[in-house]
Amino acid sequence: MATPQVTCLRILVVEDDEPIAAALVSNLKRAGHAVDHVGDGVSADEALQGDRFDLTLLDLGLPRMDGFDVLTRMRHRGNHTPVLILSALDAVNDRIRGLDAGADDYIHKPFDMHELEARIRAVARRGLARSGDEIRGGRLCLKPRERSVSVDDQPIELAAREYGLLECLLLNRGRVMSKAQIQDRLCDWSEELSETAIELYVHRLRRKIDASVLTIRTVRGFGYLLQIPDEPN
Ligand code: CA
C-alpha cells in the first residue's frame, strides 16, 4: 500500500532572523503550503496552543523563550505536531538536544529549498502515519494507515482517487483547495487528471459521504472547501 503523499500543509515557521523567515515563508507559500510566521518563542507557544498545524519549523535561538522550551512545552501538552529544527551547521549538541526533546528531524542553515521540501514531506508523512491513527470530521473517520473510511463505524467503499481527494480535503479542512492543488495531491495515481475528472470525483465523493454531515462546497472560480459542522472555517 502506498504511503500517503502530503501536499498543501499548514506550517508554522518559528524564526527570529527576518531574512531567513521571509525567504522560508515565500518559498513554502509558492510550494502551495499555508504558512504562518512568528519571531519569538512566546508567540510560538501561543500559536501552537491556539491553532492546529501540520508541521512546525523551529529555530532554537529565539527571543523570549528558546526553541527547546517551545518544543518541550508542546510535547508536554500532548501536541505531536511534527517539528523540524532549523539549526546552525556546527550546532551538533543543539540538534541532539532537540531530537531528544521530541523533534522529528533537523535541517542545517543555510538550507537548500529542495532539500527542505523533501524533509518536510518526509516528516509530514511520518506525522500522518503516526497520528495514526485517524482523522475525524463530523461522523466520518479516515484511517491513513489502513486507507479506510467509515461513517458512524460503517465502512465506505472509496476508489483510490476518491480516497486521496477526501484525505486532501480533510487535511486542509476550512481551506479552499484549488483544482490545481487537488491535482497535485492526486498525481500519485495519475500524471494527467483533468479538471472535469476532479469534478467527477468530487461529485461521487459527495454522494458516498452523504451521511457524514461533511459538506464539500464548490467555491466558484477557486475550488473546493470541506466544511464540518461545529468547526470554524
Ligand atoms: Ca535565531
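Counting convention: from 1, in listed order, for ligands and their atoms alike. Below, each value reflects all heavy atoms present in this structure, side chains not excepted, and no hydrogens, waters or symmetry copies. Remember, it's a predicted structure, so these values are computed and weren't measured experimentally.
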For this session: Indicate yes or no: does Arg77 engage Asp45 in a salt bridge with an N to O separation below 4.0 Å.
Result: yes
For this session: Could I get the full list of ring pair (Phe, Tyr, Trp, His ring centres under 6.0 Å) partners for Phe111, not counting sequence neighbours?
Result: none
For this session: Considering only NZ, NE, NH1 and NH2 on the basic side and carboxylate oxygens on the acidic side, decide whether Arg75 and Asp104 come within less than 4.0 Å.
Result: yes
Exercise. With no hydrogens and no angle check, do the side chains of Arg10 and Thr81 hold a donor and an acceptor under 3.5 Å apart?
Worked result: no
Exercise. Side chains of Glu115 and His108: do they bring a donor and an acceptor to under 3.5 Å?
Worked result: no
Problem set entry | Single hit among Asp152, Asp210, Asp153 for salt bridge (Lys or Arg N to Asp or Glu O under 4.0 Å) with Arg139 | Asp152
Exercise. Can you list the protein N, O or S atoms less than 3.0 Å from the Ca ion (ligand 1)?
Worked result: Asp16 OD1, Asp59 OD2, Gly61 O
